[in-house]
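Each remark here refers to the structure printed beneath this line.
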Protein chains: 2
Amino acid sequence: MPESTILIVDDEPAIRDMVGITLDLAGFSSLSAANALEAHISIIDHKPDLVLLDWMLPGGSGIELARRLRRDAVTANIPIIMLTAKASEDNKVQGLSEGVDDYVTKPFSPRELVARIKTVLRRANGNQKGKVLRVFDLQLDPTSHRISIEETPVEMGPTEFRLLKFFLLNQEKVFSRDHIQDAVWGANVYLEERTIDVHIRRLRKALSDIEGAAIDYSRLIQTVRGAGYRFSVRPS
Amino acid sequence: MPESTILIVDDEPAIRDMVGITLDLAGFSSLSAANALEAHISIIDHKPDLVLLDWMLPGGSGIELARRLRRDAVTANIPIIMLTAKASEDNKVQGLSEGVDDYVTKPFSPRELVARIKTVLRRANGNQKGKVLRVFDLQLDPTSHRISIEETPVEMGPTEFRLLKFFLLNQEKVFSRDHIQDAVWGANVYLEERTIDVHIRRLRKALSDIEGAAIDYSRLIQTVRGAGYRFSVRPS
DNA sequence: GTTCTTTGTCACGGAAATGTAATATACTGC
DNA sequence: GCAGTATATTACATTTCCGTGACAAAGAAC
């Protein structure tokens with residue numbers, strides 16, 4: 001699963017660092033910005049999956065930034081979590097209700113922060129896992145997390161599942177091992193080159209171990225010597 | 001019926017306390033919030049069954065909060081009762097268009113408040129409940145809060161009941177532990193990962209401890225390694 | 001109060017999955 | 001044919017993930 005990118009907007013470097021480390025440990029990649037302007041540029045440049053926005057930015061521009069993000073169609077769907085001081089103390093907070101997705105009150109535990117981020121991300125992305133992918137009588141259903149060939153369930157490990165999904169979504173194209181690694185394992189993972197081959201083999205084996213299938217689906221995963229692999233319905 | 005949770009949103013502590021006591025006596029459990037932000041956090045976290053919302057929150061954000069709750073799919077179905085100082089036609093018209101379910105004008109009698117709450121809750125519940133969930137000879141009756149297999153009552157704890165209900169309503173889909181936690185425990189509750197497993201086990205155990213059942217219903221709760229759990233009538 | 005139930009956490013063991021190295025096989029250009 | 005390179009396959013150690021029993025705290029029933 002490609003990790004989500006989170007932008008931290010806070011004027012205090014200590015908080016940015018602390019939150020950044022927390023997010024890294026939780027498997028997110030993080031960006032940071034010290035003020036609303038920096039934040040806006042970063043959002044446009046990197047399109048983070050979520051913005052952690054300090055309410056009390058100098059100049060009170062936190063809420064303005066949130067409003068601006070919501071108004072612009074390009075950024076309107078990026079979830080925002082507000083970092084606020086204690087809720088009960090703050091009366092200025094009343095005017096908000098802009099499309100903020102959740103609030104976290106300082107001080108917060110890393111654990112709580114991560115939990116809320118995951119919840120918001122799930123709510124934002126989650127409900128569309130995608131349609132059933134089909135090739136002949138091979139089916140991959142992302143929702144139920146099942147693979148079948150002619151109605152017969154196919155067993156494979158999680159990595160092979162992601163690999164097959166990647167191929168089904170990107171047919172008829174050759175991908176280098178590096179590219180496959182980025183897409184299936186994530187960007188900052190180091191693997192031996194041969195490791196990809198092994199997983200390709202496991203996937204092929206899983207697809208070919210089907211009793212009485214009309215087609216040998218393992219043949220759809222084609223080796224392109226010197227280039228990588230390709231999923232194709234056309235014989236090589 | 002398990003007791004409903006009501007969130008009281010009012011800036012005056014005296015009113016919050018008074019209403020809180022009234023609700024407790026009537027068999028509800030209550031939460032309270034002093035402003036719109038607190039209220040919103042509380043709603044996201046605890047998913048109350050109904051919100052009692054003061055119309056005249058400082059900053060006039062009561063109506064904004066109502067509007068916001070209606071807009072977000074997660075909170076759109078939570079009934080809202082407005083507390084207003086005076087029943088002016090303007091309020092009613094505007095409020096109704098925001099999807100407010102009822103009005104109570106201050107000062108109100110505890111008795112009247114409770115009566116209206118019950119009415120609104122009944123109306124809200126009536127829409128979704130009543131349907132018995134069935135899979136083969138496994139039945140879950142939300143109304144009577146009972147579960148049976150081939151007419152034999154099945155014993156389980158409240159958490160397992162909610163878990164099973166969730167599964168019955170969402171069959172053939174994989175859910176991560178995080179997702180299950182959100183749906184069954186509430187959005188921002190912190191549990192150890194293994195805790196879900198333990199409850200899954202308890203549910204499976206409850207379903208499998210049935211004498212003379214034609215099917216082992218615990219098998220319908222399937223483990224999807226690396227992904228989560230799935231309730232399915234198809235063998236894994 | 002006592003007792004029973006429910007609940008969340010922990011620790012341990014086993015099973016599946018993963019990544020790597022070693023070896024075997026296939027392909028390419030000569 | 002050969003040498004050199006790329007890929008396939010196998011085997012294995014390690015890691016990750018899940019199931020399970022035990023336990024203590026908190027609450028409900030008595």
Side-chain angles (χ1 to χ4, degrees), chain A residues 1 25-27 111 115 145 147 153-165 174-182 184-186 188-209 216 218-231 236, chain B residues 2-3 5 24 27 29 145 147 153-164 174-182 184-186 188-209 216 218-230 236:
Chain A
M1 181 151 34
L25 287 177
R111 190 175 181 174
H145 209 273
I147 294 171
V154 181
E155 307 284 343
M156 65 181 69
T159 303
E160 285 73 40
F161 186 94
R162 295 200 306 276
L163 191 54
L164 178 57
K165 186 175 172 187
V174 183
F175 294 99
S176 68
R177 289 176 174 74
D178 278 349
H179 194 132
I180 293 174
Q181 184 178 316
D182 280 0
V184 177
W185 274 264
N188 25 7
V189 179
Y190 174 78
L191 293 174
E192 291 296 318
E193 285 268 303
R194 301 283 113 238
T195 301
I196 306 276
D197 300 34
V198 174
H199 282 281
I200 291 282
R201 179 186 169 273
R202 285 173 182 154
L203 177 53
R204 280 174 173 158
K205 189 165 187 337
L207 294 178
S208 64
D209 273 355
D216 180 2
S218 70
R219 294 183 156 273
L220 302 184
I221 299 167
Q222 302 168 353
T223 303
V224 182
R225 197 182 166 80
Y229 295 96
R230 170 181 56 206
F231 188 97
S236 52
Chain B
E3 63 185 14
T5 303
D24 287 346
S29 52
H145 213 265
I147 294 171
V154 180
E155 304 288 337
M156 65 180 68
T159 303
E160 285 72 38
F161 183 91
R162 294 201 306 277
L163 191 52
L164 179 56
V174 178
F175 295 98
S176 67
R177 289 176 174 73
D178 280 347
H179 198 136
I180 293 173
Q181 187 178 311
D182 277 6
V184 177
W185 275 264
N188 287 294
V189 179
Y190 309 118
L191 296 173
E192 291 299 314
E193 286 274 302
R194 304 273 110 254
T195 300
I196 306 277
D197 300 36
V198 173
H199 282 280
I200 290 281
R201 178 183 168 277
R202 286 171 182 156
L203 178 52
R204 280 175 173 158
K205 191 163 179 1
L207 294 178
S208 64
D209 273 355
D216 181 2
S218 70
R219 293 182 155 270
L220 302 184
I221 299 167
Q222 303 168 351
T223 303
V224 183
R225 214 160 218 277
Y229 294 97
R230 170 182 56 206
S236 55

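Order of the sequence lines fixes the chain letters, A, B, ..., with proteins taken first and strands second; residue numbering starts at 1 for each chain. Here the structure is a predicted model, which is why all the values come from computation and not from measurement.
Summarising the geometry, atom CG belonging to D216(A) is positioned 9.5 Å from atom CG belonging to D209(A); distances are rounded to the nearest 0.5 Å. Of the inter-residue distances, the one linking I196(B) atom CD1 with S176(B) atom OG reads 9.0 Å to the nearest 0.5 angstrom. To the nearest 0.5 Å, atoms CD1 (I200(A)) and OG1 (T195(A)) are separated by 12.0 Å. For the atom pair CD1 of I180(B) and CG of L191(B), the computed distance is 11.5 Å after rounding to the nearest 0.5 Å. Between the OH atom of Y229(A) and the CD1 atom of I221(A) there is a distance of 10.0 Å, given to the nearest 0.5 Å.
Residue T159(A) has a polar side-chain atom (N or O) positioned under 4.0 Å from OP1 or OP2 of dT18(C). Proximity of W185(A) to the phosphate of dT18(C): no side-chain N or O atom is located under 4.0 Å from OP1 or OP2.
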Sub-3.5 Å pairs of nitrogen or oxygen atoms, protein against nucleotides 24-29 of chain C:
unit_1	atom_1	unit_2	atom_2	d
dC27(C)	O2	R225(A)	NH2	3.2

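Within residues 193-200 of chain A, the residues that have a heavy atom under 4.0 Å from DNA chain C are, in order of number, T195(A), V198(A), H199(A).
Between the P atom of dA17(C) and the CG atom of L203(A) lies a distance of 14 Å, rounded to the nearest Å. Across the protein-nucleic acid pair, M156(B) atom CE and dT6(C) atom C1' stand 14 Å apart, rounded to whole Å. Rounded to an integer number of Å, the gap from I180(A) CD1 to dG19(C) C1' is 16 Å. If you measure from atom NZ of K205(A) to atom C1' of dA17(C), you get 15 Å, rounded to the nearest angstrom.
Here E160(B) pairs with H199(B) under the side chain to side chain donor-acceptor pair (under 3.5 Å) rule; sequence neighbours left out. T223(B) meets the side chain to side chain donor-acceptor pair (under 3.5 Å) test with R204(B); sequence neighbours excluded. For A206(A), the side chain to side chain contact (heavy atoms under 4.5 Å, CB included) test picks out V154(A), M156(A), with sequence neighbours left out. Checked against side chain to side chain contact (heavy atoms under 4.5 Å, CB included), V174(B) has the following partners two or more places apart in sequence or in another chain: H145(A), V224(B), A227(B), R230(B). In this structure, D178(A) has no side chain to side chain donor-acceptor pair (under 3.5 Å) partners at least two apart in sequence or on a different chain. Scored by the side chain to side chain contact (heavy atoms under 4.5 Å, CB included) test, R194(A) finds R177(A), D197(A) as partners (sequence neighbours excluded). S208(B) meets the side chain to side chain donor-acceptor pair (under 3.5 Å) test with no other residue; sequence neighbours excluded. Here E192(A) pairs with nothing under the salt bridge (charged side-chain N to carboxylate O under 4.0 Å, His left out) rule; sequence neighbours left out.
Between its opening and closing five pairs, the helix from dG1(C)-dC30(D) to dC30(C)-dG1(D) changes axis direction by 40°, a value rounded to 10 degrees.
Residue E155(A) is classed as having no contact, given no heavy-atom separation below 4.0 Å to the nucleic acid. Within the 4.0 angstrom heavy-atom criterion, only backbone atoms of the sugar-phosphate kind lie near Y190(B); the bases stay farther away. Among the atoms of the strands shown, none is found under 4.0 Å from any heavy atom of F161(B).
For the pair R201(A) and A227(B), nearest-nucleotide mapping onto DNA chain D gives the more 5' position to R201(A).
Chain B approaches DNA chain D over the interval dC17(D) to dG21(D), counting the first and last nucleotide 5' to 3' with an atom under 4.0 Å from its heavy atoms.
In this structure the side chain of T159(A) never reaches within 4.5 angstrom of the side chain of L163(A), judged on heavy atoms.
Of the candidate nucleotides dG19(C), dA17(C), dG8(C), dA17(C) has the atom lying nearest to any side-chain atom of P158(A).
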